Participant: 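Here it is, the structure in full.
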Amino acid sequence: MMTSASAFKRLLATTLFGVALAGCGSASRPSPPAVTPMQQAGGVVSIPVPPPLPRTPRPAPASLINAISELQSGFQGKAGIAVRAVDDGWTVEAGGRQLLPQQSVSKLWVALTVMDLRDQGKIRLDEPIVVRPQDLTLFHQPIAILVKGDGYRTTVGALLTRALTHSDNTANDRLLTRVGGPSAVRSMIARKQLGAIRFGPGERLLQSGTAGLVWQPSYAVNGGFMTARNRLSPAVREAAMNAYVRNPPDGAAPIAIADAIARLAKGDILSETSTKILLDTMGRSVTGRARLRAALPGGWEIAHKTGTGQDLGRRNAGFNDVGLLTAPDGRRYAIAVMIGDTIRPMPERQKLIQAAAAAVAKYAGTTRALS
């Protein structure tokens, strides 16, 4: 029995050893691995990554929709309001798709063109520039007092600050000349896909045409424009105003402006540095103290641009404020409130703009309290 047991053990060991050898295979024909790794040149492993799921914006708040709709429909005149939540993605608008006169809001597109050229290395903010007497325009141009003899020497950046913070028409039009004229601004608007935003021919031609005049250099000094406009018959002025309001060459949809400002805030239009410079400059604006800014509670920040058109009797064509509102918690709202044609007095126009800003602030405050 001992012999049989020993023989059995030897047989079992031999069998197991043979099975092990069979599992290893021969050296000349190795068994393929179960999974062949995908390799690229340079040892880089390619791993398919599924595309990111599209971010679904939050639905627009019903309370703000109702508030904005009531404000717009209750105003006597042609008006549009648009609000875009920069961080949450929703949009609220009432009358926001019609083209309304921008007036000095259009200075924002000149500024964007300047900063876009800066990003391309084609312009510098410290670049010297001269404003000569032939560059003077009309209406609000505080820089005019500095333009004497062979001109006022300044920089592109200083003109940008004057145009945005004080709405200086001559500073803006000199920048317009520097960037290549209205066609260059229109090209920027199209290239950046800013939507339903027109850019007019510049302050001189725009304001002259709105009044029923053809621009002449003599209008730029000694009250020449106002004198010439006062000589026109009421019928001529009314016809010109009607034509302007019906099809404004500087018309823009409030919803397009709000979207453009939201994209600017997110860094979709300019470089990070240029975005900060532009928004910081807009934040130092001294115009429109009784418009958007007047309705914001403590802790809010605003970077904005106003626009005011000509009057004809009680009638006004263009009374606007657009900008970026930042709540104390950091959430941002792009807003455009535009009045295209109305006979309501200025305090009522201001109240409409204030009420729109107050509605945004109220919504933001309620949301913060619930979170």
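Counting from 1, the numbers follow the sequence of the chain as shown. Owing to the predicted nature of the structure, the values given are computational and were not obtained by experimental measurement.
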Participant: Under a single-linkage definition using a 4.5 Å side-chain heavy-atom cutoff for Ile, Leu, Val, Met, Phe, Trp and Tyr, are Leu296 and Ile68 assigned to the same hydrophobic cluster?
Facilitator: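 Looking at the clustering, Ile68 is in the same group as Leu296.
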Participant: Go through the steps to decide whether Leu159 and Ile143 satisfy the test side chain to side chain contact (heavy atoms under 4.5 Å, CB included), and finish with yes or no.
Facilitator: CA-CA 9 Å; Leu159 288 183; Ile143 199 174; 3.6 Å; yes
Participant: Can you find a pair of side-chain heavy atoms, one from Val86 and one from Thr326, that are under 4.5 Å apart?
Facilitator: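 They are not in side-chain contact.
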Participant: Check whether any side-chain N or O of Asp250 sits under 3.5 Å from a backbone N or O of Ser104 as a donor-acceptor pair, and report yes or no.
Facilitator: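 Not at all, since once roles are kept as given, no pair shorter than 3.5 Å links the two residues.
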Participant: Just to verify, what does Arg84 make a salt bridge (charged side-chain N to carboxylate O under 4.0 Å, His left out) with, not counting sequence neighbours?
Facilitator: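 Salt bridge (charged side-chain N to carboxylate O under 4.0 Å, His left out) check on Arg84 returns Asp259.
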Participant: Passes side chain to side chain contact (heavy atoms under 4.5 Å, CB included), Asn242 versus Arg315? Steps please.
Facilitator: CA-CA 11 Å; Asn242 288 340; Arg315 188 179 180 188; 2.8 Å; yes
Participant: Measure from the side-chain N and O atoms of Asn169 to the backbone N and O of Gln141, and report whether any donor-acceptor pair falls under 3.5 Å.
Facilitator: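 Such a contact is absent between Asn169 side chain and Gln141 backbone.
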Participant: Can you list, by chain and residue number, the hydrophobic cluster partners of Val286 when the side-chain cut-off is 4.5 Å?
Facilitator: none
Participant: Same cluster or not: are Ile123 and Val130 linked, directly or through other Ile, Leu, Val, Met, Phe, Trp or Tyr residues, by side-chain heavy atoms under 4.5 angstrom apart?
Facilitator: no
Participant: At what distance, to the nearest 0.5 angstrom, does CG of Leu117 lie from CD of Gln120?
Facilitator: 5.5 Å
Participant: Using side-chain heavy atoms (C-beta onward) and a distance below 4.5 Å, is Val179 in contact with Val114?
Facilitator: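 Yes - at least one pair of side-chain heavy atoms lies under 4.5 Å apart.
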Participant: Find out whether Tyr244 and Pro249 are in side-chain contact, i.e. whether some heavy atom of one side chain is under 4.5 Å from a heavy atom of the other.
Facilitator: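 Yes, their side chains come closer than 4.5 Å.
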Participant: Atom OG1 in Thr281, atom CZ in Arg162: separation rounded to 0.5 Å?
Facilitator: 13.5 Å
Participant: Is a side-chain N or O of Thr275 found less than 3.5 angstrom from the main chain of Ala265, in a donor-acceptor match?
Facilitator: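 A pair under 3.5 Å: no.
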Participant: Which pairs pass salt bridge (Lys or Arg N to Asp or Glu O under 4.0 Å) with one or both residues in residues 173-186, sequence neighbours excluded?
Facilitator: Glu127-Arg178, Asp135-Arg174
Participant: Evaluate side chain to side chain contact (heavy atoms under 4.5 Å, CB included) for Asn316 paired with Ile339, printing each intermediate quantity in order.
Facilitator: CA-CA 9 Å; Asn316 173 266; Ile339 301 171; 5.5 Å; no
Participant: If you round to the nearest 0.5 Å, how far is CH2 of Trp109 from CG of Leu194?
Facilitator: 6.0 Å
Participant: Between Thr342 and Gln76, what is the shortest heavy-atom contact and its length?
Facilitator: OG1-O, 2.7 Å
Participant: Report all side-chain donor-acceptor pairs from residues 211-230 shorter than 3.5 Å, counting only partners two or more places apart or in another chain.
Facilitator:
| residue | atom | partner | partner atom | Å |
| --- | --- | --- | --- | --- |
| Thr227 | OG1 | Gly223 | O | 3.0 |
| Arg229 | NH1 | Gln310 | OE1 | 2.7 |
| Asn230 | ND2 | Met226 | O | 3.1 |

Participant: Side-chain heavy atoms nearer than 4.5 Å, only ILVMFWY residues, links allowed to pass through others: does that put Phe75 and Leu99 together?
Facilitator: no
Participant: Of the non-hydrogen atoms in Pro328 and Gly298, which two are nearest, and what is the gap between them?
Facilitator: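 Pro328 and Gly298 have their closest heavy atoms at CG-O, 4.2 Å.
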Participant: Whether the side chain of His304 engages the backbone of Leu325 through a donor-acceptor N/O pair (distance < 3.5 Å, no angle test) should be reported.
Facilitator: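 No.
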Participant: Can you confirm whether Gln207 sits close enough to Thr137 that some side-chain heavy atom of one is under 4.5 Å from a side-chain heavy atom of the other?
Facilitator: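 When only atoms from C-beta onward are counted, Thr137 and Gln207 do not touch, as no gap falls below 4.5 Å.
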Participant: Within this structure, what is the CG-OG1 distance for the pair Asn172 and Thr177, rounded to the nearest 0.5 Å?
Facilitator: 9.5 Å
Participant: Measure the spacing between CD of Gln72 and CD1 of Ile81 and express it to the nearest 0.5 Å.
Facilitator: 6.5 Å
Participant: Classify the side-chain pair Thr273/Ser271 by whether it contains a donor and acceptor separated by less than 3.5 Å.
Facilitator: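 No, no side-chain donor-acceptor pair sits under 3.5 Å.
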Participant: What are the two closest heavy atoms between Ala295 and Ala357, and how far apart are they?
Facilitator: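 Looking at all heavy atoms of both residues, the closest pair is CB-CB, 4.0 Å.
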Participant: Output yes when a side-chain donor or acceptor of Gln354 lies under 3.5 Å from a complementary backbone atom of Ala290, and no otherwise.
Facilitator: yes
Participant: Does some side-chain heavy atom of Ile261 sit less than 4.5 Å from a side-chain heavy atom of Leu108?
Facilitator: yes
Participant: Is the closest side-chain donor-acceptor distance between Ser167 and Lys305 under 3.5 Å?
Facilitator: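 Yes, a side-chain donor-acceptor pair sits under 3.5 Å.
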Participant: Could you check if a side-chain atom of Arg124 sits within less than 4.5 angstrom of a side-chain atom of Val156, using non-hydrogen atoms only?
Facilitator: no
Participant: Val131 and Leu138: same hydrophobic cluster, using ILVMFWY side-chain contacts below 4.5 Å?
Facilitator: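 Result: no, two separate clusters.
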Participant: Lys78: what forms a side-chain contact (heavy atoms from CB on, under 4.5 Å) with it, not counting sequence neighbours?
Facilitator: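 For Lys78, the residues satisfying side-chain contact (heavy atoms from CB on, under 4.5 Å) (neighbours in sequence not counted) are Gln98, Leu100, Val245, Asp341.
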Participant: Is a side-chain donor or acceptor of Asp88 paired with a backbone partner of Trp90 at a separation under 3.5 angstrom?
Facilitator: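 No; zero donor-acceptor contacts below 3.5 Å.
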Participant: Taking all heavy atoms of Ala258 and all of Ala334, pick out the closest pair and write down the distance.
Facilitator: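 Looking at all heavy atoms of both residues, the shortest contact is O-CB, 3.2 Å.
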Participant: Taking only residues two or more places apart in sequence or in another chain, which ones pass side-chain hydrogen bond (donor to acceptor under 3.5 Å, both in side chains) with Arg332?
Facilitator: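 Per chain and number, Arg332 pairs via side-chain hydrogen bond (donor to acceptor under 3.5 Å, both in side chains) with Asp87.
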Participant: Around atom NE2 of His140, are there more than 12 heavy atoms of other residues, nucleotides or ligands at under 6.0 Å?
Facilitator: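 Yes, NE2 of His140 has more than 12 neighbouring heavy atoms, counting only those of other groups under 6.0 Å.
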Participant: Scan for salt bridge (Lys or Arg N to Asp or Glu O under 4.0 Å) pairs involving residues 344-361, sequence neighbours excluded, and state none if there are none.
Facilitator: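 For residues 344-361: Arg344-Glu348.
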Participant: Given the rule that I, L, V, M, F, W and Y join up when any side-chain heavy atoms are under 4.5 Å apart, are Leu71 and Ile255 in one cluster?
Facilitator: no
Participant: Do you know the tightest heavy-atom contact between Leu232 and Val236?
Facilitator: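 Reported closest heavy-atom pair: CD2-CG1, 4.3 Å.
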Participant: Report the C-alpha distance between Leu125 and Thr155 in whole Å, list the side-chain angles of each, state the deciding distance to 0.1 Å, and finish with yes or no for side chain to side chain contact (heavy atoms under 4.5 Å, CB included).
Facilitator: CA-CA 7 Å; Leu125 296 184; Thr155 64; over 6 Å; no
Participant: For Arg204, give me all partners under salt bridge (charged side-chain N to carboxylate O under 4.0 Å, His left out), at least two apart in sequence or on another chain.
Facilitator: none
Participant: Taking salt bridge (charged side-chain N to carboxylate O under 4.0 Å, His left out) as the test, write out the residues that go with Arg198, two or more places apart.
Facilitator: none
Participant: Tell me the closest heavy-atom pair linking Asp321 and Gly288, and the distance in Å.
Facilitator: OD2-O, 4.4 Å
Participant: Less than 4.5 Å apart, any side-chain heavy atom of Phe319 and any of Gln103?
Facilitator: no
Participant: How would you list, by chain and number, every residue that makes a salt bridge (charged side-chain N to carboxylate O under 4.0 Å, His left out) with Arg246, sequence neighbours excluded?
Facilitator: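 Expected list: none.
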Participant: Output every pair passing salt bridge (Lys or Arg N to Asp or Glu O under 4.0 Å) with a member in residues 96-118, not counting sequence neighbours, ordered by first then second residue.
Facilitator: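 Output for this query lists Glu93-Arg97, Lys107-Glu203, Asp116-Arg191, Asp116-Lys192.
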Participant: If you measure from OH on Tyr333 to CG on Leu64, what distance do you get to the nearest 0.5 Å?
Facilitator: 9.0 Å
Participant: Provide the full list of salt bridge (Lys or Arg N to Asp or Glu O under 4.0 Å) pairs with a residue in residues 269-297, sequence neighbours left out, each pair given once.
Facilitator: Lys276-Asp280
